[in-house]
Amino acid sequence: MVLLAFLVAITWAIIQLRDLFAAVMLTGIFSLISACLFMVMDAVDVAFTEAAVGAGISTILMLRTLALTEGRSDPRYNRLELGPLAVVVAIGAVLIYGTFDMPRFGDPNAPIHTHMVPRFLEQSSEIGIPNIVTSILGSYRGYDTFGETTVVFTAAIGVFLLLSDLRRGRRVDDALRDDIILRIGAKAPIPFIMVFALYVQFHGDYGPGGGFQAGVIFAAAIVLYTLVFGLAKAEKIFRRRRLELLVAGGVLLYGAVGVVSMLFGGNFLDYNVLAHDPVHGQHYGILLIELGVGITVAAVMVSLFFLFARRQQV
Amino acid sequence: MFAAPMIAILVSMAMLLVRAVKGPTVFDRILSVNSFGTKTVLLIAVLGFLTGRPAFLDLALVYALMNFISTIAVLKFTRFGSLAGKRLRPTEPQAADS
Amino acid sequence: MPGALDILSWACLLAGSFFALVSSLAMLRLPDFYSRVHGASISDTMGAGLILLGLVFQAGLSLVTVKLGLVLMFLVITGPTSSHTLAKAAYRLGLDPQLRSKEENASSQN
Amino acid sequence: MKAAFNLLVALFGMWLLWSGHYTPLLVSIGLVSCLGVVLLCQRMGIVDREALPLDLTWRTLRYIPWLALEVVKSNLDLARRVLSPRMPISPQLIELQATQKTDLGLVTLANSITLTPSTVTIEATSDGRLVVHALASDIAEDLLKGEMDRRVTRVEGSVAGTMENTA
C-alpha cells in the first residue's frame with residue numbers, strides 16, 4: 001500500500017517535472033518501487049527482470065537517448081488534452097470494472113488456482129524443475145518463449161537498421177582511465193558480475209532467474225567496462241560482427257534444440273527425448289534454450305548500448 | 001518483528017523521494033536515486049527473511065549491481081553530455097589528467 | 001525462545017533501521033550537495049552493515065550468511081566508489097561546496 | 001598468469017558458495033563459466049594484481065577492524081550532529097598528501113576516507129594528492145593528523161614488494 005502511494009506520488013512528480021534528466025532519475029526510482037511491489041506479491045522472477053531491465057539498462061538507454069535530445073520537454077505539449085484524458089479515464093474505469101470480476105489476490109477458489117495452477121504444478125514436478133516459473137516458460141510454454149526471443153531478435157534488427165548507418169564522427173576517447181578510484185573500483189567487480197550472471201543463467205531451474213535476466217546482467221558488466229575503459233577499447237574486444245552473430249546464434253540455438261528434439265522423434269521443443277530419462281531431458285533442454293535466450297539478450301543489449309554510445313559521440 | 005526495519009526503510013525511502021523531487025541540482029537527484037537503490041537492496045533482504053525465502057538475496061545483489069552501474073553511467077553522462085550544466089555554472093571538464 | 005543470538009540480531013536490525021532513518025534525515029536537512037553525500041554514506045555503511053549483520057545472526061551459519069556477506073562486501077566496495085565519483089563529477093563541473101571558514105564557524109557557535 | 005589463476009580460484013570459490021547445488025553438471029558448468037570469464041577478462045586487460053589483491057596479510061586483517069571501528073565512531077558523531085537542532089557543521093575542503101606508493105594503496109586510503117561518513121574524497125590523483133570534503137573542522141583536523149594514511153601505508157608496505165605500480 002505504502003509502495004503504491006509512492007508510485008502515485010512519483011508518477012505525479014514525473015509529469016510535473018520540466019527537466020527531463022530529473023524525470024529519468026525518477027523513472028529509475030519508479031522501477032525500483034515497482035520491483036519491490038512484485039517482491040511483495042511474491043513474483044520473484046518478475047521482480048528479477050524488473051531489477052535487471054527496468055532499474056539498470058533502461059535508465060542507461062534512456063539517458064543515452066536524452067543525450068541526443070534537448071533535455072527539456074516543451075511546455076507547449078503539456079496542456080491538458082481533454083480528449084486523450086477522457087479516453088484514458090474511460091479505459092481505466094473499464095479495467096477497474098473488470099477487476100471486480102476477478103478473484104481476490106490469493107483467493108484459492110479462483111479459476112487459475114482450480115484449473116491452471118494444479119496442472120502446472122503437476123507438470124512441473126513431473127519435469128523435475130523446482131522453479132515453477134522457469135519450467136512453465138521453458139517447457140510448457142516453450143513456443144511462447146521462443147516467440148519472445150524472436151521478438152527480441154527482430155526488434156534488435158530494427159534498431160540496428162535505424163541506427164547503424166550513421167556517419168562516422170570524430171572519435172572521442174571517453175575512457176575514464178585517469179580516474180584511479182573508479183578504475184580500481186570497477187575493475188575488481190567486473191569478473192564477479194560476469195560469473196554471477198552465468199550463475200543466474202544456469203540456476204534458473206532452482207531460483208529466480210534465467211536467460212533474460214542473466215543476459216542483461218552480463219551485458220551490464222560489459223557496459224560497466226565500456227564506461228570505464230572507453231568505447232573504442234570495448235569495441236575492439238566485442239566486435240560488432242561477432243555480436244551480431246551471437247544475436248542470431250542465440251535464437252538459432254533455441255530453434256536447434258527444438259529441431260533436434262524432433263530428430264529424436266519427439267515434438268518440436270519436446271525435451272523428453274533429449275536424454276534417456278525424460279527428467280534429464282527436460283533439464284538439458286531448458287538449460288540449452290535458456291542459454292540461447294541469454295546469449296541473444298546479452299548480445300542485443302551490448303550492441304544497443306554500443307550503438308547509442310557511438311551515436312552520442314558523433 | 002521484521003516490521004520495524006521495514007517501516008524504517010520505507011520512511012527513509014519517502015524522505016529520499018522528497019529529496020529526489022526537490023533537487024536542487026542533478027547531483028542531489030543522482031545521490032537520492034543511488035541511496036534509494038541501497039534502501040531497496042536492504043528492503044529486499046529483509047523482505048526475503050520475512051517471507052522465509054532467502055533466495056531473494058540474489059535479487060538484492062542484482063539491485064546493488066545495477067545501482068552501481070547505472071550511477072556510474074549517469075555520472076559519465078553528466079561529464080560528457082551537455083545537460084549537467086543546467087542549474088550549475090558549467091565549466092569545461094578538465095582534460096584527461098589534472 | 002529468544003536466545004542471546006536473537007536479541008543481538010534484533011539489536012542490530014533496530015540500530016540499522018535507526019541509522020537508515022538518520023541518513024535520510026541528513027539527506028533532507030543538510031544544506032548542500034557535498035554534505036548530503038556524507039548523509040548518504042551513513043546508510044551505506046552503518047545502515048546496510050547493521051541490518052545485514054542482523055540478518056546474518058538470524059540466518060545462522062549457512063550459505064545464506066555467505067551471500068549476505070558478499071552483498072555487504074559489494075556494497076562496501078561500490079558505495080564509496082560511486083559516492084566519490086559523484087562528488088568528483090560535481091566538483092569538476094563547478095558546483096561549489098558551501099564552505100564556512102573557521103572564524104565564521106566560531107562566531108556562529110558562540 | 002598468477003593473477004589469472006588467483007582470479008579463477010576466487011571466481012570458482014564464489015560460484016561454489018553462491019550456487020549451493022553440487023550436482024556434477026552444475027559444478028562443471030561453473031568451472032567452465034569461470035574459465036571463460038577469466039579468459040574474457042584477460043582479453044579485456046583487467047586481470048592484474050590491482051584488480052584482485054588476494055594476498056591478504058595479517059596487517060590487512062588488523063586494518064579492517066580498525067577501519068570498522070572508525071566508521072562506527074564517525075557514524076555516531078555524524079548522527080549526533082544531524083539530530084541536534086543546531087546542526088553544528090562547518091563544511092570545508094582540505095588537501096592532503098598521501099604517502100602510498102601504489103595506486104591501489106592510494107585508492108584504499110581514498111575509499112576508506114569516503115567510507116567514513118563526514119569525510120568524502122573529491123579528487124585523487126596518482127601523485128598522491130587528495131582533496132577531501134569534511135563536514136566539520138575537528139573532523140578535518142583529525143584526518144590531517146594522518147593516522148589513517150599511516151595505517152594504509154603500513155598495510156601496503158607489507159604487500160608492496162610483490163607488486164609494481166601499474167599506473
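Keep in mind that what you see is a predicted model, and the values were worked out from it rather than measured. The sequence lines fix the lettering, A, B, ..., with proteins before strands; numbering per chain opens at 1.
- Annotation: maximal heavy-atom pairing with chain C below 4.5 Å, among B:Leu31, B:Asn67, B:Asn34, occurs at B:Leu31.
- The residue among C:Ala87, C:Ala20, C:Ser23 with the most heavy atom pairs within less than 4.5 Å of chain B is C:Ala20.
- In this structure, chain B has a heavy atom under 4.5 Å from the side chain of C:Ile51, while its backbone stays farther away.
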Side chain to side chain contact (heavy atoms under 4.5 Å, CB included) assessment of C:Leu52 paired with B:Leu42:
CA-CA 8 Å; C:Leu52 290 180; B:Leu42 294 179; 4.2 Å; yes
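- Remark: side-chain polar atoms of C:Ser9 are paired, donor with acceptor, to backbone N or O of C:Gly54 under 3.5 angstrom.
- When the side chain to side chain contact (heavy atoms under 4.5 Å, CB included) test is applied to B:Ser35, the partners found at least two apart in sequence or on another chain are B:Leu16, B:Lys39, C:Ala40, C:Ser43.
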Taking only distance into account, with no hydrogens and no angle test, what donor-acceptor pairs under 3.5 Å do side-chain atoms of residues 2-15 of chain B form with protein atoms, sequence neighbours excluded?
residue : atom : partner : partner atom : Å
B:Ser12 : OG   : B:Ala8  : O            : 3.2
B:Ser12 : OG   : B:Ile9  : O            : 2.9

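- With a threshold of 4.5 angstrom between heavy atoms, C:Leu21 approaches chain B through its backbone and through its side chain.
- Using a 4.5 Å cut-off between heavy atoms, B:Val41 contacts chain C through its side chain alone, with no backbone atom that close.
- Heavy atoms of C:Val22 lying under 4.5 Å from chain B are absent altogether.
- The shortest side-chain heavy-atom distance between B:Phe68 and C:Thr81 falls under the 4.5 Å cut-off.
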